[in-house]
Structure formats: structure tokens, C-alpha cells
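Heavy atoms only: backbone and side chains are in, while hydrogens, waters and symmetry mates are out. Predicted, not measured: the structure shown is a model, and the values here were computed from it.
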Amino acid sequence: MADDDSPPAGACIVAIPSASDPVNELSEEETAHVTLLWLGEAAALDGELVVGVREHIQRVVLDRGEFEAKVSGVAVLGDDKAGVLLVESIELVELRNDLFASEHMRTVYLQADQFPTWVPHLTLSYSGGLPKGDLPGVIRFDSVGLWLGGQHEPYALRRSATPIDDPNWRTGYDLGDELAGSIIPPVLTADDLPLCVQFAQENPAARWYAEKRALALGLQQMLPTQWAVPV
């Protein structure tokens with residue numbers, strides 16, 4: 001982020017690379033990301049609208065799988081002369097379109113000042129220019145983030161892009177509509193996992209997320225043994 005000690009005040013929805021993607025080591029951002037939708041100042045958002053936005057994001061990520069985006073070039077953007085990777089991906093555009101396709105999301109988006117065009121990019125540096133050496137050709141994304149000021153809420157994309165109604169997708173349990181209005185407890189650290197596991201035991205459609213985060217954190221031993229479902 002830019003050299004500014006003031007706490008972040010903006011709200012946005014972002015696509016976040018997989019924790020193992022090399023781009024995380026290249027970016028000066030606290031969390032590498034591609035901004036999908038700018039929502040304005042977090043303090044100005046109506047609480048009911050934010051609830052609607054959260055619920056819509058949850059529905060979208062249940063339908064969308066992890067994906068790769070091609071790095072199509074580099075650029076220096078904005079007053080900060082930020083060095084960025086330009087990315088392109090049909091899945092990235094479709095994800096943004098899906099996120100925009102709700103009344104709550106459109107209301108929040110349209111009340112914020114917007115740039116005339118959306119240029120999908122991932123910032124590497126605010127110090128001017130780009131890092132030396134080889135840059136990645138593709139970036140793998142596995143989650144969406146709702147950022148409200150300094151509060152970051154992660155929403156994992158499904159690990160497979162196979163349609164939910166495909167009978168061959170994750171055939172250890174059923175993924176239905178029961179989570180449409182629910183928020184899976186986010187897992188950022190080991191301390192967060194037990195609550196997510198408890199939620200997933202009560203809502204089996206959330207098991208994929210608990211498993212995914214446990215794997216990412218190297219905490220598979222904290223999952224119930226009866227969850228042995230092939231990935």
C-alpha cells in the first residue's frame with residue numbers, strides 16, 4: 001500500500017491470489033489483489049446494504065471456481081506511479097459481472113465515485129517502476145475479499161470450476177442452497193478454524209471451505225477424520 005500511516009477508509013471487492021502464488025512475494029501490498037469493484041468510503045455504507053452485499057458475494061463464490069488470469073503486460077498507473085501487472089481473464093470478467101448482478105451491489109457501486117473504465121491490474125510497487133527480474137506469466141486466484149476499511153473478509157472460491165449440479169463434483173457431500181443467506185466464518189489463522197469446522201458440521205455445504213483453509217494453513221489434522229473426501 002502507499003506510504004501513508006492513516007488507516008484505510010475505502011471499501012472494495014477484490015480478487016485474491018492463492019497463498020502459494022509467487023506474485024505474493026513480488027507485491028508490496030499487504031495482500032496482493034486485483035480490485036473488482038470500488039464501493040466508496042466504508043463509513044458511508046448503509047448497514048443493510050452491506051449485509052446484502054455479503055450475502056450476494058457468498059452466493060457468487062459458491063458458483064465460481066478458482067481460476068488463472070494471464071499477465072498481459074506491465075504499466076505505471078496513477079499519481080503514485082504504481083508499477084502494476086495488467087491481467088486478463090474471461091473468468092475474472094465473469095466474476096466481476098456476477099458480483100455486480102445484485103440490487104444491493106449496484107446501489108453501493110453507483111453511489112461511489114468511479115473511474116470511467118476498469119483496468120484489471122495487480123499492484124507490485126508504489127515506489128515507481130517494477131521489480132527487476134522475471135515476472136509471472138499467470139496468476140492463480142482462489143478467493144474474493146470484501147474490504148471495509150481495515151476489515152478484510154475472505155470468501156473462498158470453489159476449488160473446482162465444475163458446475164455445482166455436475167454429479168461428479170465433490171461426491172462426498174451435497175452442496176445445495178442452504179448457505180445462500182449464510183456467511184461461512186472466515187479462517188485467517190489457526191484460531192479461526194475450530195469455529196469454521198463447527199459451522200461446517202452443522203452446514204455440510206461449507207465443508208469445502210473449511211478443508212480448503214485447513215490445507216492452506218497446514219492444519220489438516222484439525223479436521224474431523226470422517227471428512228475424508230477425495231479432492
Side-chain angles (χ1 to χ4, degrees), residues 1-19 21 23-24 27-62 64 66 78 80 82 92 95-96 98-100 102-115 118 120-123 126 141-158 179-200 203 206 208-210 212-214 216-217 219:
M1 59 181 63
D3 294 330
D4 186 349
D5 292 332
S6 60
C12 58
I13 298 176
V14 300
I16 302 174
S18 303
D21 195 285
V23 78
N24 294 295
S27 177
E28 293 180 359
E29 296 274 16
E30 181 179 348
T31 301
H33 64 278
V34 171
T35 298
L36 299 173
L37 295 169
W38 169 251
L39 305 179
E41 295 299 306
L45 299 184
D46 176 84
E48 183 177 345
L49 284 176
V50 172
V51 170
V53 165
R54 287 190 177 108
E55 292 178 350
H56 181 62
I57 295 173
Q58 184 68 71
R59 286 190 289 268
V60 170
V61 298
L62 287 175
R64 285 278 163 192
E66 300 175 6
D80 293 327
L92 189 69
L95 174 60
R96 184 174 188 264
D98 285 354
L99 288 166
F100 191 67
S102 88
E103 181 178 351
H104 291 104
M105 192 73 72
R106 288 192 295 270
T107 298
V108 174
Y109 178 86
L110 293 174
Q111 71 185 17
D113 292 333
Q114 302 290 343
F115 285 106
W118 175 57
H121 64 276
L122 187 146
T123 299
Y126 283 105
F141 293 90
D142 69 358
S143 61
V144 169
L146 172 61
W147 291 1
L148 302 170
Q151 176 182 321
H152 291 187
E153 302 176 9
Y155 298 81
L157 295 162
R158 287 179 29 240
L179 292 185
S182 302
I183 302 299
I184 302 174
V187 178
L188 300 179
T189 69
D191 292 337
D192 300 326
L193 187 59
L195 178 61
C196 185
V197 168
Q198 179 181 349
F199 179 89
N203 302 271
W208 65 275
Y209 176 74
K212 176 187 182 69
R213 294 305 300 150
L217 294 170
L219 300 172

Exercise. If you measure from CZ on Phe100 to CG on Leu37, what distance do you get to the nearest 0.5 Å?
Worked result: 7.5 Å
Seminar exercise, completed: d(Glu66 CD, Ser18 OG) to nearest 0.5 Å is 5.5 Å
Problem set entry | Value rounded to 0.5 Å, distance of CG in Leu195 from CG in Leu193 | 9.5 Å
Seminar exercise, completed: Applying side-chain contact (heavy atoms from CB on, under 4.5 Å) to Thr123 and not counting sequence neighbours gives Glu29, Ala82, Val84, His121, Tyr126
Exercise. Between Glu153 and Tyr155, is a side-chain hydrogen bond (donor to acceptor under 3.5 Å, both in side chains) present by the stated rule, with each step listed?
Worked result: CA-CA 7 Å; Glu153 302 176 9; Tyr155 298 81; 2.9 Å; yes
Problem set entry | Note, Leu122 side chain near Pro17 side chain (heavy atom, < 4.5 Å) | yes
For this session: Apply salt bridge (Lys or Arg N to Asp or Glu O under 4.0 Å) to Asp98 and list each qualifying residue two or more places apart in sequence or on a separate chain.
Result: Arg64
Exercise. Looking only at atom types and distance, does a side-chain atom of His104 sit under 3.5 Å from a main-chain N or O of His56, one as donor and one as acceptor?
Worked result: no
For this session: Go through Val60 and Val144 one step at a time and tell me if the side-chain contact (heavy atoms from CB on, under 4.5 Å) criterion holds.
Result: CA-CA 10 Å; Val60 170; Val144 169; over 6 Å; no
Exercise. Can you check whether Glu103's main-chain N or O pairs, donor with acceptor, with Thr107's side chain at less than 3.5 Å?
Worked result: yes
Problem set entry | Qualifying residues under side-chain contact (heavy atoms from CB on, under 4.5 Å), relative to Glu48, sequence neighbours excluded | Asp46
For this session: Report the distance from atom CD1 of Ile57 to atom CG of Leu146, rounding to the nearest 0.5 Å.
Result: 4.5 Å
Exercise. Atom CZ in Arg59, atom OG in Ser102: separation rounded to 0.5 Å?
Worked result: 7.0 Å
Problem set entry | Side-chain (Asn24) to main-chain (Asp21) donor-acceptor, under 3.5 angstrom | yes
For this session: Locate the shortest heavy-atom distance separating Leu45 from Ala11; write the atom from each residue and the value.
Result: CD1-CB, 3.7 Å
Problem set entry | side-chain contact (heavy atoms from CB on, under 4.5 Å) partners for Ala156, two or more places apart | Trp208, Tyr209, Lys212
Exercise. Considering residues at least two apart in sequence or located in another chain, which fulfil the side-chain contact (heavy atoms from CB on, under 4.5 Å) criterion with Ala112?
Worked result: Trp38, Gln114
Exercise. Between CE of Met105 and CG of Leu110, what distance do you get to the nearest 0.5 Å?
Worked result: 11.5 Å
Exercise. Which heavy atom in Trp118 sits nearest to a heavy atom in Thr35, and how many Å separate them?
Worked result: NE1-O, 2.9 Å
Exercise. Does any non-hydrogen side-chain atom of Leu95 lie less than 4.5 Å from one of Leu36?
Worked result: yes
For this session: Not counting sequence neighbours, which residues clear ring-ring contact (aromatic ring centres under 6.0 Å, His included) with Trp147? List them please.
Result: His33, His152
